[in-house]
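All values below were derived from every heavy atom in this structure, side-chain atoms included, with hydrogens, water molecules and symmetry-related copies excluded.
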Amino acid sequence: MSQVSVRDDEVDIVIAAIEPDLTSFLEEWRAIFSRFHLIIIKDPDVKGELKIPDGFNYDTYTKADIQQIIGPSNAATFSGYSCRYFGYLLSKKKYIISIDDDCIPAKDTKGIQVDAIAQHINNLSTPATPFFFNTLYDPFCKGADFVRGYPFSLRSGVSCALSCGLWLNLADLDAPTQALKPELRNTRYVDAVLTVPARAMMPLSGINIAFDRELVGPALLPSFKLAKEGKFRWETVEDVWTGMCVKVVCDHLGYGVKTGLPYVWRKERGDAIESLKKEWEGVKLMEEVVPFFQSMKLTPAAKTAEDCVIEIAAAVKEQLGRIDPVFTCAADSMVEWVQLWKTVKTRT
């Protein structure tokens, strides 16, 4: 399996606008973003008109658009950074890249600005190797190859459905860790990409990701919400849940997930102590969630991402619903999301 050629018009960049003025953010990314189509979703709770500089090819969507397309009853699903999922829903492109508005391009160890979009596309367009671990990281990266003893029958790899980038400065820590280590920053730029092994679970952060919409789009979903959940990164476990859902789907359908490059630089935002009050319940629930997903096995009847999500939702309701009603709500939301996904795709 060789690298797939990707055209610029096959890519959508989805941006969740948590602040109305995107001028500084987009100017930082101009050299990289200006080649692609942008889908900009305004957080329904944000006041004021969006400010977007000239020179970009974009479509914007506001609370009124969300309500018109999916109905008022579902609009709350897309509050805060969850509004990015509305962009996933509307995209018609094969590849979706999501970068948050509190991130700017990173620089590598040589001081050269990182083209995060090019790296994500490279990750998705080259095979992943989830079924046997290559100790020299991604064998399809420049300067690498398969190590001695790697089975030749597995060297063609499988399609990569999800690329999870990292970031410098503010690391992806939970609120308890960030509260205990307020000065901790990620300063290590590790020039590597690796495939997450099959059957290994992982969290997800929508801050800097890319995925193949045609393969796993419906599995990138807003569903797991806590009663006191906030808007910012430390205050939500929604995308952690999503990461485990999409990993189960990828494992079942035979796709790969890569992590590592590309990096972005993430600015400061949020209060860890205040976020801890909102996130603590989710931290405790993860102790039930992780074993559940680790033991999840889908049936041969699940042949698409939509099928997989429906099967996972049924298992969530049956096995986790008795532990806490938040799981029953999550299961119902997963089913509603698949229905919404199919409805919107039928219209467009």
**OP:** Can you spot which of Lys267, Arg266, Arg84 makes a side-chain hydrogen bond (donor to acceptor under 3.5 Å, both in side chains) with Asp100?
**Re:** Arg84
Original post:
Can you find a heavy atom in the side chain of Phe36 that is under 4.5 Å from one in the side chain of Tyr95?
Top reply: no
**OP:** Indicate yes or no: does Asp43 engage Lys63 in a salt bridge with an N to O separation below 4.0 Å.
**Re:** no
Subject >> Main-chain N/O of Cys329 paired with Asp332 side-chain donor or acceptor, under 3.5 Å >> reply: no
Subject >> Ile104 with Ile117, same ILVMFWY side-chain cluster at under 4.5 Å >> reply: no
Subject >> side-chain hydrogen bond (donor to acceptor under 3.5 Å, both in side chains), paired with Lys258, selected from Asn122, Asn123, Thr126 >> reply: Thr126
**OP:** Provide the closest heavy-atom pair for Glu19 versus Leu50 in the form atom of the first, atom of the second, distance.
**Re:** O-CD2, 4.3 Å
Subject >> Non-hydrogen side-chain atoms of Ile97 and Ile99 separated by less than 4.5 Å >> reply: yes
Original post:
Between the side chains of Ser223 and Trp241, does any donor sit under 3.5 Å from an acceptor?
Top reply: yes
Original post:
So, Ser91 side chain and Gly87 main chain: donor-acceptor pair closer than 3.5 Å or not?
Top reply: no
Subject >> Transitive ILVMFWY side-chain link Leu261 to Ile209, under 4.5 Å >> reply: no
Subject >> Pair Asp212-Lys94, side-chain contact (heavy atoms from CB on, under 4.5 Å): steps then yes or no >> reply: CA-CA 6 Å; Asp212 187 321; Lys94 179 173 176 58; 2.8 Å; yes
**OP:** Using the side-chain contact (heavy atoms from CB on, under 4.5 Å) rule, take Leu285 and Val326 through it: C-alpha gap first, then chi angles, then the decisive distance, then the call.
**Re:** CA-CA 10 Å; Leu285 288 174; Val326 71; 3.6 Å; yes
Subject >> Closest non-hydrogen atom pair, Pro182 against Arg185 >> reply: O-NH1, 3.0 Å
Original post:
Is a side-chain donor or acceptor of Thr242 paired with a backbone partner of Leu221 at a separation under 3.5 angstrom?
Top reply: yes
**OP:** Give the cluster check for Leu166 versus Leu170: same hydrophobic cluster or not, with ILVMFWY residues linked at side-chain heavy-atom distances below 4.5 Å.
**Re:** no
Subject >> Separation of Lys342 NZ from Lys345 NZ (nearest 0.5 Å) >> reply: 13.5 Å
Original post:
Taking C-beta and beyond as the side chain, do Leu298 and Met296 meet within less than 4.5 Å on heavy atoms?
Top reply: yes
Subject >> Donor-acceptor contact present, side-chain Trp265 to main-chain Lys107, <3.5 Å >> reply: no
Original post:
Going by heavy atoms in the side chains, are Thr187 and Leu168 under 4.5 Å from each other?
Top reply: no
Original post:
Between atom CG of Asn208 and atom OG of Ser98, what is the distance when rounded to the nearest 0.5 Å?
Top reply: 8.5 Å
Original post:
Any donor and acceptor pair, going by atom type alone, linking the side chain of Asn186 with main-chain N or O of Trp167 inside 3.5 Å?
Top reply: yes
Original post:
Run the side-chain contact (heavy atoms from CB on, under 4.5 Å) check on Thr23 and Glu27 step by step: do they pass?
Top reply: CA-CA 6 Å; Thr23 304; Glu27 290 297 350; 4.3 Å; yes
Original post:
For the hydrophobic clusters of this structure (ILVMFWY residues joined by side-chain heavy atoms under 4.5 Å, transitively), does one cluster hold both Val248 and Val290?
Top reply: yes
Original post:
So, do Leu38 and Trp29 sit near enough that their side-chain heavy atoms are less than 4.5 Å apart?
Top reply: no
Original post:
Quick one: does Ile13's side chain get under 4.5 Å of His37's, heavy atoms only?
Top reply: no
**OP:** Report the C-alpha distance between Ile15 and Ile39 in whole Å, list the side-chain angles of each, state the deciding distance to 0.1 Å, and finish with yes or no for side-chain contact (heavy atoms from CB on, under 4.5 Å).
**Re:** CA-CA 6 Å; Ile15 299 164; Ile39 296 179; over 6 Å; no
Original post:
Do Ile70 and Leu340 have side-chain heavy atoms sitting under 4.5 Å apart?
Top reply: yes
**OP:** Determine, using ring centers only, whether Tyr150 and Phe132 are less than 6.0 Å apart.
**Re:** yes
Subject >> Over 12 foreign heavy atoms within 6.0 Å of CZ, Phe327 >> reply: yes
Subject >> Close side-chain approach of Lys51 to Leu22, heavy-atom, < 4.5 Å >> reply: no
Subject >> Shortest non-hydrogen contact between Leu320 and Glu288, atoms and distance >> reply: CD2-O, 4.1 Å
**OP:** Dump the intermediate steps for ring pair (Phe, Tyr, Trp, His ring centres under 6.0 Å) on Phe146 and Phe140, then the final yes or no.
**Re:** CA-CA 8 Å; Phe146 292 97; Phe140 294 93; 5.7 Å; yes
Subject >> Heavy-atom closest pair, residues Cys245 and Met334 >> reply: SG-CE, 3.8 Å
Original post:
Between His252 (side chain) and Ala302 (backbone), is there a donor-acceptor pair under 3.5 Å?
Top reply: yes
**OP:** Flag the pair Phe211 / Tyr88 as yes when their ring centroid distance falls below 6.0 Å, and as no otherwise.
**Re:** yes
Original post:
Do the two ring centres, one from Tyr263 and one from Tyr189, sit under 6.0 Å apart?
Top reply: yes
Subject >> Separation of Ile40 CD1 from Lys42 NZ (nearest 0.5 Å) >> reply: 12.0 Å
Subject >> Residues clustering with Leu136 (ILVMFWY side chains joined when closer than 4.5 Å, directly or via others) >> reply: Val147
**OP:** Would you name the heavy atoms of Ser79 and Pro44 that are closest together and state the gap between them?
**Re:** CA-CD, 4.2 Å
Original post:
Can you get from Met202 to Tyr137 by hopping between Ile, Leu, Val, Met, Phe, Trp and Tyr side chains that sit under 4.5 Å apart?
Top reply: no
**OP:** Determine the sole option in Thr259, Asp138, Thr135, Thr129 for which the side-chain contact (heavy atoms from CB on, under 4.5 Å) test with Leu194 is passed.
**Re:** Thr259
Original post:
Where do Ser205 and Asp239 come nearest, in terms of heavy atoms and distance?
Top reply: CA-OD2, 3.3 Å
**OP:** Measure the NE2-CG distance between His120 and Leu124 for me, rounded to the nearest 0.5 Å.
**Re:** 8.0 Å
**OP:** Answer yes or no: is there a donor N or O on one side and an acceptor on the other, between the side chain of Asp101 and the main chain of Ile18, under 3.5 Å?
**Re:** yes
Subject >> Pairing residues for Arg7 by the side-chain contact (heavy atoms from CB on, under 4.5 Å) criterion, not counting sequence neighbours >> reply: Asp9, Glu10
Original post:
If you draw a 6.0 Å radius around CD in Glu214, do more than 12 non-hydrogen atoms from other residues or ligands fall strictly inside?
Top reply: yes
Original post:
Sequence neighbours excluded, which residues qualify as side chain to side chain donor-acceptor pair (under 3.5 Å) partners of Arg35?
Top reply: Asp8
Original post:
How far does CG of Asp45 sit from CZ of Phe78, to the nearest 0.5 angstrom?
Top reply: 13.5 Å
**OP:** Report the distance from atom OH of Tyr85 to atom CG of Leu90, rounding to the nearest 0.5 Å.
**Re:** 15.0 Å
